Amino acid sequence: MNFRQLRFARAMEFTIHEINNRTDLLPGITLGYQIHDTCAEVAIAVKVAFQFANGMEPFFSDTDSCSKSAAAAVPALVGESSSTRSISMTRMLGLFGIPQVSPYATCACLSDKRQYPAFFRTIPSDHHQAAALAKTVKYFGWTWIGAVRSDTDYGNYGMASFLKAAQEEGICVEYSESYYRTQPRSKLERVANVIRRSTARVIVAFVHEEELKLLLEELTRQPPPPLQWIGTEAWIMDPSFLRFNMCAGAIGFGIPRSVIPGLREFLLDLSPAQALKSPLLTEFWESSFSCSLKGSSGGARECDGGEDIRALQNPYTDTSQLRITNLVYKATYAIAHAIHGVICNDTQCDKSAKFTPWQV
């Protein structure tokens with residue numbers, strides 16, 4: 001389980017609870033929510049998008065009327081974190097006018113409103129990051145560099161923007177290699193060997209954290225000469241990369257830190273009984289404490305109730321640097337304000353108001 005992504009999901013839950021307790025935003029209206037795990041797979045993300053559009057019923061209506069099923073199951077959604085999965089979802093959701101607000105999908109391609117009219121985000125496009133990275137490289141006088149990218153929409157579009165900006169800055173690129181985590185190991189080894197044989201000592205890495213970890217582990221087997229890594233927001237702030245000595249001194253652009261009052265207490269206010277009500281929280285509890293909750297299908301020892309969630313030190317409980325989490329917070333509020341603008345006036349909201357997702 002990705003504990004960091006679970007924190008993002010629960011941050012949305014916290015934000016909705018906070019909005020429901022406010023009297024100045026959607027007064028008298030209670031927002032509900034559904035949380036789905038795409039398991040970092042495009043196919044599951046598309047399935048979830050269809051469920052959001054059509055409803056959760058596992059059967060087709062056997063009547064002649066489509067009026068009941070014609071309305072979308074949700075007026076808007078927060079997500080997805082990945083650009084590729086966001087593209088897959090919004091291509092379908094946009095047909096139904098269902099707005100999607102992503103806190104972390106940065107691909108510049110998603111700014112094309114002709115293709116993605118219902119897509120919004122609370123994080124800047126990679127177009128800006130690519131230009132800033134090129135100027136950073138130029139500032140330090142590094143004019144001979146290498147480049148690696150994830151073989152995804154995020155990596156390919158981002159690197160294309162960077163290479164264009166680098167050319168305009170007079171920067172020469174010795175190589176530009178790509179890799180994706182499901183590709184054969186031989187491809188990973190080839191990319192690593194290109195880096196080892198290269199004369200460029202500066203590498204710009206437009207990669208997801210998963211691909212970079214695999215690449216660094218491969219490079220560690222036969223370390224190249226010292227390298228200066230230039231990173232993107234996808235990995236430059238991830239503390240797990242501190243274990244790789246070759247990343248020492250890496251620089252890049254990160255998302256600003258923030259503080260969300262009350263979030264930490266919300267995350268830690270979790271008991272075994274509460275965790276058992278949600279498959280995601282059950283998995284979190286059992287993975288964190290290596291035990292099986294009563295009534296679950298886990299094969300480990302049974303949890304005895306003495307587990308202390310406050311003693312955990314993992315990405316779920318770490319609220320010291322709320323960066324993407326704050327973008328989830330903003331995305332949720334953006335949707336709430338949009339709904340407020342549709343069904344509320346200065347003093348009250350119309351609880352019986354009918355509206356379409358496109359109005360949001």
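All of these numbers come straight from a predicted model, not from anything done at the bench. Numbers for residues simply follow the sequence, beginning at 1. Computation of the quantities below employed the complete heavy-atom set of this structure, encompassing side-chain atoms and omitting hydrogens, waters and symmetry-equivalent molecules.
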Colleague: Over 60° means perpendicular and under 30° means parallel, so classify the ring planes of Trp235 and Phe241, tilted if in between.
Modeller: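 Rings of Phe241 and Trp235: perpendicular, as their planes differ by over 60°.
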
Colleague: Whether Lys187 and Glu177 form a salt bridge (side-chain N of Lys/Arg under 4.0 Å from carboxylate O of Asp/Glu) is what I want to check.
Modeller: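 Looking at Glu177 and Lys187, the cut-off is not met.
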
Colleague: Would you say the side chains of Thr15 and Glu18 form a donor-acceptor pair under 3.5 Å?
Modeller: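 Short answer, no.
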
Colleague: Could you tell me if Arg190 and Asn193 have a donor-acceptor pair between their side chains, going purely by distance under 3.5 Å?
Modeller: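 Looking only at side-chain atoms, Arg190 and Asn193 do not form any donor-acceptor pair under 3.5 Å.
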
Colleague: Give a yes or no on whether a salt bridge exists between Glu233 and Arg323, defined as a side-chain N under 4.0 angstrom from a carboxylate O.
Modeller: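 No, Glu233 and Arg323 are not salt-bridged.
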
Colleague: What I want to check is whether the side chains of Arg91 and Gln115 have a donor and an acceptor closer together than 3.5 Å.
Modeller: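 Note: Arg91 and Gln115 side chains meet the donor-acceptor criterion.
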
Colleague: Identify whether Phe162 and Val191 are in the same connected component of the hydrophobic contact network (ILVMFWY, side-chain heavy atoms under 4.5 Å).
Modeller: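 No; Val191 is not reachable from Phe162 via cluster members.
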
Colleague: Output the distance between atom OH (Tyr157) and atom NE2 (His127), rounded to the nearest 0.5 Å.
Modeller: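 That separation rounds to 15.0 Å.
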
Colleague: Would you check if there is a donor-acceptor pair between the side chains of Asn20 and Thr30 at a distance under 3.5 Å?
Modeller: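 No - no donor-acceptor pair under 3.5 Å links their side chains.
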
Colleague: Have Ser290 and Arg301 got a donor and an acceptor in their side chains that come within less than 3.5 Å?
Modeller: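 Note: Ser290 and Arg301 side chains miss the donor-acceptor criterion.
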
Colleague: Out of Tyr154, Tyr179, Tyr180, which residue meets the ring pair (Phe, Tyr, Trp, His ring centres under 6.0 Å) rule with His208?
Modeller: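 Among Tyr154, Tyr179, Tyr180, the one that satisfies the ring pair (Phe, Tyr, Trp, His ring centres under 6.0 Å) with His208 is Tyr154.
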
Colleague: Test Lys138 against Ile171 for side chain to side chain contact (heavy atoms under 4.5 Å, CB included), laying out the working first.
Modeller: CA-CA 7 Å; Lys138 179 67 173 180; Ile171 299 167; 4.2 Å; yes

Colleague: Under a 3.5 Å cutoff, is there a donor and acceptor pairing between the side chains of Asp153 and Thr84?
Modeller: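 Yes, side-chain donor-acceptor contact under 3.5 Å.
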
Colleague: In terms of side-chain heavy atoms, does Asp318 have a donor or acceptor partner in Gln313 at a distance below 3.5 Å?
Modeller: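 No, no side-chain donor-acceptor contact under 3.5 Å.
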
Colleague: So if I apply the side-chain contact (heavy atoms from CB on, under 4.5 Å) rule between Leu268 and each of Leu312, Asp308, Thr317, which one comes out positive?
Modeller: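 Among the candidates, only Thr317 passes.
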
Colleague: Which residue is it: Leu281, Val328, Leu280? I am looking for the one with a side-chain contact (heavy atoms from CB on, under 4.5 Å) to Arg10.
Modeller: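 Checked Leu281, Val328, Leu280 against Arg10; only one passes side-chain contact (heavy atoms from CB on, under 4.5 Å): Leu281.
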
Colleague: Do the charged groups of Arg221 and Glu189 touch, with an N to O distance under 4.0 Å?
Modeller: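 So Arg221 does not pair with Glu189 through a salt bridge.
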
Colleague: Relative to the ring of Tyr33, is the ring of His17 parallel (under 30°), tilted (30 to 60°) or perpendicular (over 60°)?
Modeller: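 Taking Tyr33 first and then His17, their aromatic rings stand perpendicular (interplane angle over 60°).
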
Colleague: Hey, are Ser86 and Glu80 close enough side-chain-wise for a donor-acceptor pair under 3.5 Å?
Modeller: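 Side-chain D/A pair, Glu80 to Ser86: absent.
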
Colleague: Under 6.0 Å from the six-membered ring centre of Phe120 and within 45° of its axis: does the NZ or CZ of Lys113 meet both?
Modeller: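 Lys113 over Phe120 ring: yes.
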
Colleague: Hey, are Glu174 and Arg197 close enough for a salt bridge, meaning a charged N less than 4.0 Å from a carboxylate O?
Modeller: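 Looking at Glu174 and Arg197, the cut-off is not met.
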
Colleague: Looking just at side-chain N and O atoms, do Arg7 and Thr325 make a donor-acceptor pair shorter than 3.5 Å?
Modeller: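 Looking only at side-chain atoms, Thr325 and Arg7 do form a donor-acceptor pair, the distance falling under 3.5 Å.
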
Colleague: Rounded to the nearest 0.5 Å, what separation is found between the CZ atom of Phe96 and the CG atom of Asn54?
Modeller: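 Answer rounded to 0.5 Å: 5.5 Å.
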
Colleague: Does either side chain, that of Ser81 or that of Gln5, offer a donor lying less than 3.5 Å from an acceptor on the other one?
Modeller: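 A pair is found: one side chain offers a donor N or O, the other an acceptor, under 3.5 Å apart.
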
Colleague: Parallel, tilted or perpendicular for Phe284 and Tyr316, by the 30°/60° rule?
Modeller: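 Tilted, since the angle between the ring planes falls between 30° and 60°.
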
Colleague: Transitively linked via ILVMFWY side-chain contacts under 4.5 Å: Leu215 with Ile251?
Modeller: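 In one cluster: no.
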
Colleague: Describe, in one word, how the ring planes of Phe289 and Trp285 are oriented to each other, choosing from parallel (under 30°), tilted (30 to 60°) and perpendicular (over 60°).
Modeller: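 Geometry flag for Trp285 against Phe289: tilted rings.
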
